[in-house]
K.L.:
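The structure under discussion is supplied below as structure tokens; questions concerning it will follow.
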Amino acid sequence: MSGNPLGNGVCHCLACQRRTGSVFATLAAFPVPYEVTGRATEFVRTGDRGSRIRFRFCPICGTSLFHTEEGQESSFVLVAVGGFADPDFPPPQDSVYDSRRHGWVRLPPGTIAHEKDPD
């Protein structure tokens with residue numbers, strides 16, 4: 001990806017915990033259009049509000065790469081922040097499904113916590 005993200009955040013939902021093998025997912029939203037080079041394998045999951053989310057990951061090593069929400073593909077793409085391997089990447093602005101956050105996880109000051117997925 002190039003350019004600045006529209007925003008970034010963390011998700012503590014149980015599906016993201018299972019998908020990442022971690023206690024949360026860290027995501028950055030980027031505007032479209034975007035370009036994908038190489039191949040990606042897809043997995044589609046239905047979210048709590050009924051939206052279908054299409055996750056893409058590397059078919060060789062399994063690394064989570066990016067995902068889109070059906071109906072929102074023309075607005076933004078969500079990219080896994082860990083894929084940038086940049087320790088200076090900006091901290092999250094939002095924490096989604098904070099109700100499922102592990103008690104020992106501390107958020108940076110100023111992070112807006114949402115009990116579930118905000119509408």
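All residue numbers in this chain count up from 1 along the given sequence.
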K.L.:
Show me, pair by pair, the donor-acceptor contacts under 3.5 angstrom made by side chains of residues 109-116, not counting sequence neighbours?
P.N.:
unit_1	atom_1	unit_2	atom_2	d
Thr111	OG1	Pro92	O	3.4
Thr111	OG1	Pro108	O	2.8
His114	NE2	Asp94	OD1	2.9

K.L.:
How long is the straight-line distance from CG of Asp98 back to CG of Leu107, given to the nearest 0.5 Å?
P.N.:
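Atom-to-atom, Leu107:CG and Asp98:CG are 5.5 Å apart.
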K.L.:
Using atom types as modelled and distance alone, determine if a side-chain donor or acceptor of Gln17 lies under 3.5 Å from a backbone N or O of Ala15.
P.N.:
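Side chain of Gln17 to backbone of Ala15: no pair is present.
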K.L.:
For side-chain hydrogen bond (donor to acceptor under 3.5 Å, both in side chains), just list the numbers for Thr68 and Arg56, CA-CA rounded to whole Å, side-chain angles, deciding distance to a tenth of an Å, and then say yes or no.
P.N.:
CA-CA 9 Å; Thr68 54; Arg56 277 69 160 220; 2.8 Å; yes
K.L.:
What distance separates Leu27 CG from Phe76 CZ, expressed to the nearest 0.5 Å?
P.N.:
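That separation rounds to 10.5 Å.
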K.L.:
For residues 37-61, which residue pairs qualify under ring pair (Phe, Tyr, Trp, His ring centres under 6.0 Å), counting only residues two or more places apart or in two chains?
P.N.:
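Residue pairs passing ring pair (Phe, Tyr, Trp, His ring centres under 6.0 Å), neighbours aside: Phe55-His67.
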K.L.:
How far does SG of Cys11 sit from CZ of Phe24, to the nearest 0.5 angstrom?
P.N.:
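Rounded to the nearest 0.5 Å, the SG-CZ separation comes out at 11.0 Å.
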K.L.:
Between Glu70 and Arg54, does at least one N-O distance fall below 4.0 Å, as a salt bridge requires?
P.N.:
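Looking at Arg54 together with Glu70, the answer is yes, because their closest N to O distance falls below 4.0 Å.
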K.L.:
Flag the pair Pro5 / Phe30 as yes when at least one side-chain heavy-atom distance between them is below 4.5 Å, and no otherwise.
P.N.:
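Yes, close enough: below the 4.5 Å cut-off.
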K.L.:
Applying side chain to side chain contact (heavy atoms under 4.5 Å, CB included), run through Val32 and Glu73 and close with a yes or a no.
P.N.:
CA-CA 8 Å; Val32 295; Glu73 301 93 344; over 6 Å; no
K.L.:
Are Tyr97 and His12 close enough that their ring centres sit under 6.0 Å apart?
P.N.:
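Distance test on ring centres: not under 6.0 Å, no.
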K.L.:
So, taking the atom named SG in Cys13 and the one named CZ in Arg18, what distance separates them when rounded to the nearest 0.5 Å?
P.N.:
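These two atoms lie 9.0 Å from each other.
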K.L.:
Which heavy atom of Arg39 sits nearest a heavy atom of Pro59, and at what distance?
P.N.:
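Of all heavy-atom pairs spanning Arg39 and Pro59, the closest is O-CD, 3.5 Å.
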K.L.:
Which pair of heavy atoms, one from Ser75 and one from Leu6, lies closest together, and at what distance?
P.N.:
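The pair with the smallest heavy-atom distance is O-CD1, 4.5 Å.
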K.L.:
Would you say Leu65 ends up clustered with Val36 if hydrophobic residues are merged whenever their side chains have heavy atoms under 4.5 Å apart, either directly or through other cluster members?
P.N.:
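Same cluster: Val36 reaches Leu65 through Ile, Leu, Val, Met, Phe, Trp or Tyr contacts under 4.5 Å.
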K.L.:
Which atoms form the tightest heavy-atom contact between Ala85 and Pro87, and what is the distance?
P.N.:
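Minimum heavy-atom separation between Ala85 and Pro87: O-CD, 3.7 Å.
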K.L.:
Suppose we screen for ring pair (Phe, Tyr, Trp, His ring centres under 6.0 Å). Which residues come up paired with Phe66, at least two apart in sequence or across chains?
P.N.:
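Listed in chain order: Tyr34.
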K.L.:
Rounded at 0.5 Å granularity, tell me how far OG1 in Thr41 sits from CD1 in Ile60.
P.N.:
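Thr41 atom OG1 to Ile60 atom CD1 measures 9.0 Å (nearest 0.5 Å).
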K.L.:
Taking C-beta and beyond as the side chain, do Val79 and Val81 meet within less than 4.5 Å on heavy atoms?
P.N.:
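Answer no - side chains too far apart.
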